[in-house]
Protein chains: 2
Amino acid sequence: MQKPEIGSSEHALVHEVDTCVRATTAPGWADRVIGYREMAEALILDIKAGNWRIGDALPTEAELVQRFGASRSTVRESLRELAAMGYIKRRQGARSILVADDPTDSFVNSVQSIGELLQYSGRTRSTLLARSEVVATGDMARRLGVVAGSRWLRLDYLRTPMRGQLPLGLSEIYVDARHADALGTIDDSLTIYRQLEQRAGLVVRRVEQSIEASTATPAMAAPLRVAPGSPLLLVRTEFITSAGEVMEVGLGHFPAGRYRMEIMLQRSGGASDIDG
Amino acid sequence: MQKPEIGSSEHALVHEVDTCVRATTAPGWADRVIGYREMAEALILDIKAGNWRIGDALPTEAELVQRFGASRSTVRESLRELAAMGYIKRRQGARSILVADDPTDSFVNSVQSIGELLQYSGRTRSTLLARSEVVATGDMARRLGVVAGSRWLRLDYLRTPMRGQLPLGLSEIYVDARHADALGTIDDSLTIYRQLEQRAGLVVRRVEQSIEASTATPAMAAPLRVAPGSPLLLVRTEFITSAGEVMEVGLGHFPAGRYRMEIMLQRSGGASDIDG
DNA sequence: AACTCGCGCTTGTCTGGACAGGTTCAACGC
DNA sequence: GCGTTGAACCTGTCCAGACAAGCGCGAGTT
């Protein structure tokens, strides 16, 4: 989490001493050693300042090497950044072309294998506590966000870190009873939703997660080893098919301090690389 | 600890011949030189063959250099490819982690104007409780995830629904003191990060959110109208520039039952939305 | 048992150099 | 005028080495 590089100045010193040469020919202003990130930022400022119009070609790599007093690799890295953000397009042999001066102001969070995060985060193991069939009645149906009266296969897991004793949390997983047969024996090396996809021929179209604070019920308190009433993170995950039907619902209960959910959103214009 | 890492048999040949000499000689020689694309392809085949499970660590760059007889740059380029395709996640200091063996299986959450959800979610209003300058000391620095000793402008908001009495939650917003001047008077119709972008010339590259459970301190309990110690949802949001510097940190505290965070992930393609 | 600290391992960033292969454009031949 | 060709220009790929910075684990402490 730390970002000690306040000015990134000590960075500069080291390299100055090390590789010297650098920028001796450059016009005076290129004194400061800058990294590819700063270089990218400087270029973006230039772009926003209107130095080039959309469709124009940016300076060649060689010119940027001169101007910033950095190596070609560094210049290329910054151009790669600009391309990833959607400002420019690159093509071998031709100079970079400015294609946008303000790439879509949207952020993207891309997740592979949802629920890895919820069920298998690498250094955790899950132990099945109970397997039962339930009918969603009033209160429970509301808690799950499903239709009252529907039938579900319920799986209770306790999640524990590989090293350490205190459990991370409890997971209740509800599988639509109509697909429970297809599930059969459960492969613990795959997520439930993946197995449903593979064996029941379902396709998850979207996943909805909601997160809120709650408290530990007496029943949960024992396996979680916390006091009843202590604060929990409640994570509900719904897996929804293209037909709009909820095929699986997961409820995760995580005591404070043991589990943290992290989401990273990245600004993206043209997610793709090079070529065209 | 280390994975014995199986398989990848035929690559041994190339390695045998050893590298260096490279294409200076005619293309007639025995084995092709492996490029980063082929290397990526080979790795994908290994992945699909099940040599590693999701969550496992791939070989280190050094090991791949050995195996393929290529330079580290080339190996890194191929790993970059795999990361872009969604097979692996990379983190400085730690080995690459396999996160998907079939990246068509990726879900995307895209959102315009993050932080709307933290500051202005349409049907809520924010009232500024306090504005102060603070220095992040030990404990607070850890809580914020910033460098100890750094200086910040702190803004305290109470968020209340348009209709209704009970407050939704408290927001502490910390703005890097170096950019606080640029902020000047705050336009309540825009998010803070947008104003920082426009007035301080910063570019937000990515946003990191972490969510966990916590408890209400006595100081929070009063304005939130809950009992001290009652469960809260703690949402931390970091706005990070392309230089990798944290320019704004937001801490949201939401009592149980009053606020729920919602995330919708959609499989490849279509846009989606987050929260409300 | 939980916490801190240090050290080794691993990835991130950067340098400087080389060749391959695509692009561009002007000179040339028809 | 028009298509071809070649050379200059430019980006793509690759190499070898170095230091910076983050991570993980074990040892020692509380």
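- Using a 3.5 Å distance cut-off with no hydrogens or angles, the side chains of E172(B) and H253(B) do pair a donor with an acceptor.
- No N or O donor and acceptor, one from the side chain of R76(B) and one from the base of dT13(D), sit under 3.5 Å apart.
- Considering only side-chain N and O atoms, T74(A) lies nowhere under 4.0 angstrom from the phosphate OP1 or OP2 of dT13(C).
- OP1 or OP2 of dT13(D) lies within a sub-4.0 Å distance of a side-chain N or O belonging to R37(B).
- In this model, the phosphate group of dT24(C) is approached by a side-chain N or O of R91(A) to a distance below 4.0 Å at OP1 or OP2.
- In this structure, the CD atom of E38(B) is 8 Å from the P atom of dC14(D), given to the nearest Å.
- For the pair E77(A) CD and dC14(D) P, the interatomic distance rounds to 15 Å; values are reported in whole Å.
- A straight line from OH of Y36(A) to P of dA21(D) spans 14 Å, rounded to a whole angstrom.
- Map Q92(A) and S73(A) each onto its nearest nucleotide of DNA chain D; the residue landing nearer the 5' end is Q92(A).
- Straight-line distance from the CG atom of L58(A) to the C1' atom of dC9(D): 17 Å, rounded to whole Å.
- You'll find a donor-acceptor pair under 3.5 Å spanning the side chain of R72(A) and the base of dG12(D), going by distance alone.
- Interatomic distance, OG of S78(B) versus CG of L64(B), reported as 6.5 Å (0.5 Å rounding).
- With rounding to whole Å, E61(A) atom CD is found 16 Å from dG17(C) atom P.
- Rounded to whole angstrom, the span from the CD atom of Q66(B) across to the P atom of dA16(D) amounts to 12 Å.
- Contact annotation: R90(A) reaches the phosphate of dG12(D) (side-chain N/O to OP1 or OP2, under 4.0 Å).
- The pair D46(A)-R67(A) meets the salt-bridge criterion, since a charged nitrogen lies less than 4.0 angstrom from a carboxylate oxygen.
- Electrostatic pairing of R76(B) and E81(B) does not count as a salt bridge here, judged by no charged N lying under 4.0 Å from a carboxylate O.
- Distance from the side chain of S71(B) is smallest for dA16(D) among the nucleotides dC14(C), dA16(D), dT11(D).
- Atom P of nucleotide dG12(C) and atom CZ of R80(A) are separated by 12 Å, given to the nearest angstrom.
- For R80(A) and E77(B), the salt-bridge test passes: some basic side-chain N is under 4.0 Å from an acidic carboxylate O.
- Look at CE on M39(B): it is 13 Å from P on dT13(D), rounded to the nearest Å.
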